[in-house]
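Structure first, then comments.
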Amino acid sequence: MARQVVAFVNPAFVSPFLRGTSSLSAAGSFIVSRHIYDGTTPSSAARRCVHMSTTQAPQKKANQGRSKKSRGGSGKREKKSSTSPGLLRALQTYEPIIGMEMHVQLATKTKAYCNCSTKPVRTPNTNICPVCMGHPGALPVVNSKVVELAAKAGMALGCTIAQYSRFDRKNYYYVDTPKNYQITQDMNPIAQKGSLQLASSGKKVGITRLHMEEDSAKMQHEGAGAAGRLTDSTHSLVDFNRSGIPLIEIVSEPDISNGSEAAEYGQELQRILRYVGTSDCNMQDGSLRCDVNISIRPRGTTNFGTKVELKNLNSFASVQKSIDFEIERQANILDDGDAVQMETRTWDEKANETKTMRVKEGASDYRYFPEPDIPPLQIARETLEKWRKDMPELPSQKRERYQAEFSLSSYDAFLLSDDVTTAQYFEDSIEAGADPKQAANWIMGDITKVLKNEKIGLRLCKLTPKNLANMISLIDNGIISGKIAKDLIQELVLKGGVPSEIVDERDLKLISDPEVIREIVAKVIEENPKELSAYKDGKSRLFGFFVGKSLAASGGKGDPVTTNNVLKELLDD
Amino acid sequence: MPVRCCSEISKQEVQNIAKLAQLRLSEEEVNKVVPEIKKIINFFDTFSEVDVEGIEPMTSAQDVHNVMREDEPSRFHNVDGMMQEVPCSEREYIRVPKLSSNPTD
């Protein structure tokens, strides 16, 4: 059994290397310590809330946005949370059953069933052809890269890959579906029965299936005062550039129990798929879309409650907030003795609540049947083995290895393995001889700071992993001081250069000759008679003043240890 | 998987099927069509005389697999021609009347 990550890692900490594309960047630390959702061991905060709420009338609206400090707790650092007492009370009584459905656009050059480009363009209806426009007589031909990426994604998620798989027609009429059916996989998906592990708790969330399908056209609802909403619109504008873009749909088992687990599942899925090159997986540009299915049932019972679908979730923060809101909303309904209505709801970011989108009148009949225009796939075992060999080390494997091999903390391991570029840089610098802990500190600390200031990513960093290793060895061997390295780092990152060469050229070597230090220190003492007498009178804190002045006088090149010793000699005699 | 044949074709069923196919039938037409559909379904019911236990349903008359293409983009030579046939366009978008919110309506 693989070693689990034991310490709690707050996945809300944004990797410094996720540039503005991170969907979590604005969320702040809203994810609460996991034990509060456990239900079996209520924190004192939850108990206090139960008492309070018996005198409160059931609320229609959740107290979202009002932060309460989590009282009690595990002794870990207290995080400011936005858990309302209503939610905590709901979680005491009810068990949420949550499943997630993700749609991911594959990183191919062409569409799923035709040669049209998938490159984003400004002008609508340019990357189109009779196939993706659904013109009569047009025939779909499967893109081989789609199959490869789908299979690899399935492998990365621990799924069994079907050697035999097949496409089916899902029949319905809607403007964004020009053929009046979507070519998808119903009966024989390419991958099934996988799982992924949440970084913070080690909890395994099952993955039911992963299958290939095509995206629909993009619609803009217009009309006076429509604000993009269908209900108020007078007409719609359709762009078929998106029609036919290959998707994989990933369906999870209903193993998720609360909003923060759902957000974490989404982030780990995003991380894994970015690692294996399946997709950019950006929620902002639509390459990753997330739907949630949620129901609740009284704890201890086994019957499933009525399922509500949540759509239009644009970030992981929305996923978490909408789920937390829904849990409370459904709990309040059940507390009142009413029944939850089966429906699709949308998340309203401004109002911080879920709203009805449409009520489901029973399941739709899509009359699935095998797609006659596409012969089934029979993937050879050799092909599958080759694809398996192509798989890189996954984030969870890297996290474990970094902790086991390099003795990094789970937090550091998590940050460094968050994206492939960072992990690669880190590993390359170790290859070049850098000490892992120091490399980790430089990468996550000063290097990130400089990059962030310039708003560039690690790819544009001019300090190569090899030169980082060089710099670290200079420090380790006492050739330069840590301070000099810190002074140089901005230039190294933005302009590049070989540290050892720069040190030689500019004479930045560490001065540890006690004689030279003595000269510098003596001069400093001479120049500061007031502080000297204050120190002799008993203000021993001024020792630090002298250290600082001496190091500055040496141009930052003085060896701190020698300086300290010499100062002690001269001041205390 | 055993082949299931519904020989119980009710008027309700037929109306459902018509709705799914986006066909509007009058009361008269429905009444006329129900026995005809019954006949067709019963004809296919002869399949249930065959024991197909353990046999996968046929998907194609051809024993072909893996018909795929390379992931190389190419532009369709007559995009303008396709867009000219659009009944109503607005700023290079295809304009359609207000939609119902239910995809299966």
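Throughout, a chain's letter reflects where its sequence line sits, starting with A, and its residues are numbered from 1. Just so you know, these numbers use all the heavy atoms, side chains as well, and skip hydrogens, waters and symmetry mates. In this text, all values refer to a predicted model and were calculated from it rather than measured experimentally.
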Drop me the distance from [X]'s [atom1] to [Y]'s [atom2], to the nearest 0.5 angstrom.
X	Y	atom1	atom2	result
E70(B)	K145(A)	CD	NZ	9.5 Å
Q220(A)	E90(B)	CD	CD	9.5 Å
M133(A)	E85(B)	CE	CD	9.5 Å
C132(A)	M82(B)	SG	CE	6.5 Å
E222(A)	Y93(B)	CD	OH	8.0 Å
L20(B)	Y172(A)	CG	OH	14.0 Å

Residue [X] excluded, over 12 heavy atoms near [atom1] under 6.0 Å:
X	atom1	value
K98(B)	NZ	yes
K355(A)	NZ	yes
K307(A)	NZ	no

Which atom pair, heavy atoms only, marks the closest approach of [X] to [Y]?
X	Y	value
R91(B)	L237(A)	NH2-CD1, 3.5 Å
Y113(A)	R69(B)	C-NH2, 3.4 Å
N125(A)	V79(B)	O-CG1, 3.7 Å
F240(A)	I94(B)	CE1-CD1, 3.6 Å

Quick check on the interface: out of [options], who has the most heavy-atom pairs with chain B under 4.5 Å?
options	result
M219(A), H235(A), K119(A), E371(A)	H235(A)
V142(A), T123(A), T118(A)	V142(A)
P130(A), P372(A), P370(A)	P130(A)
A217(A), P124(A), S117(A), C116(A)	P124(A)

Original post:
Which answer fits A380(A), side chain, backbone, both or neither, if we ask what part of it has an atom under 4.5 Å from a heavy atom of chain B?
Top reply: neither
Original post:
Side chain, backbone, both or neither: which part of V146(A) has a non-hydrogen atom closer than 4.5 Å to chain B?
Top reply: neither
**OP:** Indicate yes or no for a side-chain donor-acceptor contact from N66(B) to the backbone of Q378(A) under 3.5 Å, with no hydrogens or angles considered.
**Re:** yes
Original post:
Within the side chain of D71(B), is there an N or O that forms a donor-acceptor pair under 3.5 Å with the backbone of K109(A)?
Top reply: yes
Original post:
Quick one: what part of Q62(B) sits under 4.5 Å from any heavy atom of chain A, side chain, backbone, both or neither?
Top reply: neither
Original post:
Side chains of V147(A) and M68(B): does their closest heavy-atom pair fall under 4.5 Å?
Top reply: yes
Subject >> Within-4.5 Å side-chain heavy-atom neighbours: I374(A) and V67(B) >> reply: no
Original post:
Is it the case that R75(B) and T126(A) place a side-chain donor and acceptor less than 3.5 Å from each other?
Top reply: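 No pair is found: no donor N or O on one side chain lies under 3.5 Å from an acceptor on the other.
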**OP:** In sequence, state the C-alpha distance, the side-chain angles, and the governing distance for M83(B) and I128(A), and then conclude on side-chain contact (heavy atoms from CB on, under 4.5 Å).
**Re:** CA-CA 10 Å; M83(B) 288 307 287; I128(A) 55 174; 3.9 Å; yes
**OP:** Quick one: which of C88(B), P97(B), A21(B) has the most heavy-atom pairs under 4.5 Å with chain A, could you say?
**Re:** A21(B)
